[in-house]
Amino acid sequence: MRPATRLTLIIGWLGYVIVPWYLPDGWDLSGYPFGRVGTALALAISGAAPWLWPIGLALVAATLLVIRGNTSFSGRGLIAVGLLGLAALAAQGFAITLPGQGMPSLAVLLGGAGAAQPGMGYGALLTLVSLLLLLCHGLAYRGVCRGDLFTTSTIGVVVLLIGLFIFLPVATILRSALVDAHGQWALGEFVDRLFSSTIWGTGCLGGGIACGVAWNTLILGVLTGLITTLLGLACALLVLRTAMPGKRLMRAMTVLPIITPPFVIGLALILLFGRSGVVTGLMVEWFGIPRSRWIYGLPGVLLAQVLSFAPIAFLVLMGVVQAIAPSLEEAAQTLGAKAWPTFRTVTWPLLRPGLANAFLLGFVESLADFGNPLVLGGNFEVLSTKIFFAVVGAAHNQGLAAVLSIVLLVFTLAAFGLQQGWLGGKSYTTISGKGDSGLPAKLPVAVTVLSAAVTGPWVALTAVIYTVILIGGFVKTMGRDHTPTLEHYSTGFSVDLSHGLFFSGAAWPSLFTTLKVAAISAPLTALIGLLTAYLLTRQRFVGRRLLEFTTMLSFAIPGTVLGVAYILAFNVPPIEITGTGLILVLAFVFRNMPVGIRAGIAGLAQIDKSLDEASTTLRARSFTTLRRVVLPLLKPALIAALIYSFVRSITSVSAVIFLVSAEYNLSTAYIVGRVEAGEFGLAIAYSSVLIVVMAAGIALIQLGVGERKLGRKLGRKPVALAAPAAELAS
Amino acid sequence: MTKSRPASVEFNHVSMRYGPVTAVDDVSFTIHAGELVTLLGPSGCGKTTTLRMIAGLEIASRGQILIGGKDVTRLSAADRDVSMVFQSYALFPHMTVLENAAYGPTVKGLGRAKAEAMAREKLALVGLAGYEARYPAELSGGQQQRVAVARALVLEPQVLLFDEPLSNLDAKLRRRVRQEIRELQQQLKLTVAYVTHDQEEALAVSDRIIVMSNAKIAQQGSPRELYESPANGFVADFIGDANLVDVTIEAVHDGQAQIVLGPLRLTLPARGLTPGPARAAIRPHGITLGPGLAGTVRKSSYLGDHIELTVATPVGELLVLSRQTDASPAVGAEIELSFAGRSIALVS
């Protein structure tokens with residue numbers, strides 16, 4: 001047995017014998033090692049929790065195997081012990097939970113009839129990790145993954161994490177959609193709810209009643225997808241194919257949606273076009289157009305989403321336009337085609353798959369968007385907001401929320417499946433890896449004019465919006481009273497220096513929590529994402545396709561669905577973490593994990609596999625290869641993953657709005673609260689602070705990680721914001 | 001640290017399958033200690049897979065692999081005493097030349113000073129002293145290749161593997177580097193397995209050549225054996241050019257076969273063949289202009305030191321490389337061809 005296995009076993013005993021088994025209430029250790037802070041061994045011996053015995057027996061068996069040392073039997077033995085131990089742990093955890101819940105029949109079998117126990121804590125965690133690693137080591141000793149302990153262990157950990165924090169919550173949603181209020185299976189009720197007219201009603205066609213929420217969502221998604229794609233295309237063509245001035249500015253715009261919390265655009269739109277907005281006021285004064293609430297509803301949400309997501313489409317389509325080899329267009333021209341026929345017969349057909357991709361991306365973004373519909377929706381409900389109100393509203397209808405989540409999940413999965421399956425093999429753009437020289441064809445005049453005509457107003461409006469965001473915090477009431485003031489900033493961010501340093505502003509606690517949670521979750525996200533990417537691309541093992549499929553699915557889970565899933569799954573033992581900071585960290589890690597995986601896969605694709613193999617033939621094991629060869633070369637991907645998960649943690653609303661608590665409130669949830677209370681000044685001031693904080697955070701991460709060094713010739717590749725932006729777009 | 005000596009490699013009925021595809025099918029051979037053996041064949045014949053199985057980068061689906069008499073079939077690459085020079089060189093781009101070369105001993109935990117001393121020694125051996133602080137991107141292709149060789153040599157492995165090491169070099173450099181590899185191998189008495197698809201390269205560097213085709217061994221032997229007595233049409237055509245013609249064996253006496261080639265009658269080593277229809281391989285440069293087989297010139301190209309002719313004869317079109325450059329026959333000319341003894345061989 002290698003030392004790592006012994007260490008693993010020690011960790012297991014530590015968790016079983018010394019560390020308290022359950023999640024503690026604070027740091028009160030009175031009564032140790034019994035009661036709430038009891039260790040598993042003490043609780044089992046004293047008879048308080050006899051269902052913990054099998055886990056201990058598994059550890060004893062593992063110890064015997066490790067002491068006996070290397071025999072052909074020990075690998076197989078460890079596998080069996082690990083599996084049985086994990087099964088015992090899971091069985092007692094899920095069978096014995098709160099009084100009256102769990103699985104009573106299984107509880108009887110485990111000797112815990114009628115018993116209850118709190119959520120598992122650090123002791124259970126250590127034991128779980130130990131049993132899992134023993135199982136993985138056993139597999140390695142049997143020759144799985146060429147006997148590499150590190151590889152099998154990593155696979156085990158990743159599978160467990162994805163199982164617990166993606167698969168389990170989604171399964172919980174499905175389950176709660178299928179049961180009634182008493183926990184009984186109720187298929188009829190499910191079918192009723194699934195096909196109810198609030199979801200699928202088409203009343204709006206005849207006029208009068210509002211349409212079903214599913215139709216609203218789809219209409220909004222399709223419109224957003226179409227408009228963002230067209231805007232993005234116009235912009236990309238202008239920037240890449242004309243001598244238009246201000247290209248740098250246009251490219252800089254692509255960074256904006258990344259560092260802007262999703263509802264901020266909606267907020268700025270209210271300040272401009274709301275009943276008492278700046279523009280509305282001007283319209284009344286100049287043209288006598290009466291004030292109205294037109295911005296609240298489909299037009300407003302659509303406008304906000306287009307402004308929010310068009311830069312993403314721009315980024316995607318810039319890549320697509322760039323990837324069209326100029327030599328193809330030159331070939332068309334040498335064959336006698338003029339500008340317009342060249343565009344129509346060569347450029348456009350080559351663009352089409354990219355356009356479809358951009359459309360689907362915009363569609364999915366729109367479906368997942370929660371902030372803008374919340375702020376601007378009014379009576380226009382979409383699935384994400386409806387889910388929110390089903391959970392937090394007066395009705396508190398978990399079943400409805402679950403059903404709506406399933407509908408939303410199906411929509412996004414379908415779009416995602418379409419994007420992957422249908423477009424996967426249709427891209428013409430990556431055929432040649434060689435640099436194709438040549439000058440791209442000039443754009444036909446008509447296309448140039450059209451592009452400029454749609455791009456101009458969009459850029460102008462975006463500029464106005466961000467001006468509003470910047471100055472909105474420095475005036476009394478945007479639209480009514482434009483007296484300069486620092487009042488909003490002092491409410492939110494005042495610092496009292498009279499008795500030492502005291503952050504007295506109302507916004508400080510949520511900002512500190514946000515930064516703390518983001519700073520903790522970003523490295524975890526990057527680590528798990530890159531490790532998963534490494535496993536998926538560089539290791540061969542049974543079930544790799546399944547793991548790949550599951551992680552792909554997790555790409556498509558909208559934040560609202562994940563949030564609902566988390567409260568449903570982690571509100572009760574065995575994992576009872578609702579209301580803690582931990583659940584926020586976990587939500588961020590697994591919400592952003594796809595970004596880490598994508599960054600990792602993209603980064604690894606650029607590192608030739610022969611480098612790994614060269615390292616292996618020079619006697620390095622997987623871990624050494626990963627640390628010395630892969631990781632240093634993966635630095636750009638690491639930066640992208642870090643920046644991206646950090647920024648997304650700060651801007652995320654949809655997933656966490658369900659998960660925040662009085663103790664752990666987050667900036668976005670706080671701002672949404674201020675908007676709902678009508679305190680627009682503070683909300684907009686806080687939003688600009690967030691944007692500045694994120695810009696600073698990005699700069700810090702880039703400094704901290706540094707650049708990879710590939711010699712003087714290649715070393716100058718700047719890792720700019722374009723890297724994470726490209727991640728978002730891919 | 002005990003220096004390991006160059007060791008033999010033995011394959012016993014080794015197969016490699018990827019799902020339904022058989023990349024290597026029941027292959028057996030031995031590479032003796034201190035010998036340079038080339039695995040030669042067209043792309044997709046299984047030669048690289050065979051090499052990677054020696055390295056441990058692929059674990060054989062079936063059969064047994066011995067290195068130095070020890071069964072290593074299930075050992076991972078990191079546990080085998082084998083180093084490899086990759087086709088792409090696979091130099092770590094973020095490490096200097098010295099760090100690259102010192103990688104093996106460093107990850108083995110020999111300590112920085114010791115590792116660097118070993119690396120410097122081998123870098124000097126390949127003529128790269130003074131380049132230690134450079135990054136791979138700052139070296140020419142030939143220099144990168146030497147770094148790759150030095151890095152592979154530093155641990156003094158039992159077996160050294162080359163995977164098409166010259167394919168990224170230009171033609172002139174290729175000739176020089178292959179000589180250097182051969183000299184290094186003989187100087188250090190290394191056991192080397194060398195993969196290439198270039199028959200000239202294989203003939204130039206090898207003690208023995210294993211020709212592979214369709215996942216199997218087509219023939220193994222010394223360069224001269226393969227060239228002069230190819231076992232079959234594939235080998236004849238792959239090693240040097242060959243005209244494959246149909247012949248008839250009339251009789252076999254004392255290992256010599258009487259054959260009929262169109263209007264000609266020749267006596268050739270029978271190589272185990274029996275009377276009946278057979279095939280013969282004729283080397284293009286072994287055909288001379290002179291009395292024998294009549295034919296008509298179809299194509300004629302002047303190539304400086306020789307003339308390349310395509311001649312239509314009763315036995316089919318023949319490619320002829322003639323050294324007689326002073327008088328090149330015109331297209332349509334009627335000529336006669338004769339065959340030197342060693343340039344024609346019966347093949348199965």
Side-chain angles (χ1 to χ4, degrees), chain A residues 2 72 75 140-152 433 538-542 545 603 606-638 705-717, chain B residues 18 48 51-52 54-59 73-97 99-110 115 119 133-139 144 147-148 151-155 157 159-161 163-164:
Chain A
R2 304 213 193 115
S72 61
Y141 291 132
R142 294 281 301 150
V144 174
C145 290
R146 296 173 195 156
D148 201 294
L149 290 185
F150 173 74
T151 307
T152 54
R538 289 295 216 264
Q539 298 287 348
R540 274 175 284 175
F541 52 92
V542 183
R545 309 276 327 175
Q606 290 175 0
I607 303 173
D608 197 87
K609 215 178 162 182
S610 68
L611 290 181
D612 295 31
E613 289 173 347
S615 175
T616 310
T617 58
L618 293 166
R619 324 283 182 274
R621 301 196 169 276
S622 300
F623 180 67
T624 313
T625 303
L626 197 62
R627 186 170 62 87
R628 284 181 168 266
V629 177
V630 178
L631 220 50
L633 291 172
L634 218 50
K635 258 188 189 172
L638 183 68
V705 182
E707 286 181 17
R708 68 174 164 177
K709 219 162 75 182
L710 301 183
R712 282 179 278 276
K713 278 184 202 161
L714 300 173
R716 273 193 233 103
K717 264 191 193 165
Chain B
Y18 302 103
T48 296
L51 193 77
R52 290 167 62 84
I54 304 178
L57 294 171
E58 311 279 347
I59 300 294
T73 316
R74 303 261 140 225
L75 280 190
S76 80
D79 296 318
R80 295 189 192 183
D81 195 6
V82 174
S83 289
M84 182 154 163
V85 176
F86 288 79
Q87 185 173 8
S88 62
Y89 312 144
L91 297 179
F92 305 127
H94 57 302
M95 298 182 192
T96 61
V97 166
E99 286 167 340
N100 261 290
Y103 186 83
T106 309
V107 301
K108 216 173 168 185
L110 290 185
R134 300 234 190 146
Y135 282 92
E138 297 165 341
L139 299 179
Q144 291 182 11
V147 179
R151 185 178 70 179
L153 280 175
V154 167
L155 287 176
V159 184
L160 186 58
L161 309 175
D163 185 9
E164 309 233 7

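With no hydrogens or angles considered, a side-chain donor-acceptor pair links A:Ser610 and B:Ser88 at under 3.5 Å.
The two residues B:Ala78 and A:Arg619 have their closest heavy-atom pair at O-CD, 3.6 Å.
To the nearest 0.5 Å, atoms OG1 (A:Thr624) and OH (B:Tyr103) are separated by 6.5 Å. If you take CG on A:Leu618 and CZ on B:Phe92, they are separated by 6.0 Å, rounding to the nearest 0.5 Å.
The parts of A:Ser615 that come within reach of chain B are both its backbone and its side chain, each placing non-hydrogen atoms under 4.5 angstrom from that chain.
At least one side-chain heavy atom of A:Glu613 sits under 4.5 Å from a side-chain heavy atom of B:Arg52. With a 4.5 Å cut-off on side-chain heavy atoms, A:Thr617 and B:Val82 do not count as touching. Using a 4.5 Å heavy-atom cutoff, the side chains of B:Ser76 and A:Asp148 are not in contact. No side-chain heavy atom of B:Met95 sits less than 4.5 Å from a side-chain heavy atom of A:Pro632. A:Asp608 has its side chain out of reach of B:Phe86: every pair of non-hydrogen atoms, C-beta onward, lies at least 4.5 Å apart.
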- Task: Take B:Glu99 and A:Arg628 through the salt bridge (Lys or Arg N to Asp or Glu O under 4.0 Å) test and state the conclusion after the steps.
- Result: CA-CA 11 Å; B:Glu99 286 167 340; A:Arg628 284 181 168 266; over 6 Å; no
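Contacts with chain A were tallied for B:Ala55, B:Pro136, B:Ser83; B:Ser83 has the most, counting heavy-atom pairs under 4.5 Å. Options B:Leu91, B:Val85, B:Leu75, B:Leu57 differ in how many heavy-atom pairs under 4.5 Å they form with chain A, and the most are formed by B:Leu57. Taking B:Ile59, B:Asp79, B:Thr96, B:Asp163 one by one and counting their heavy-atom pairs under 4.5 Å with chain A, the maximum is reached by B:Asp79.
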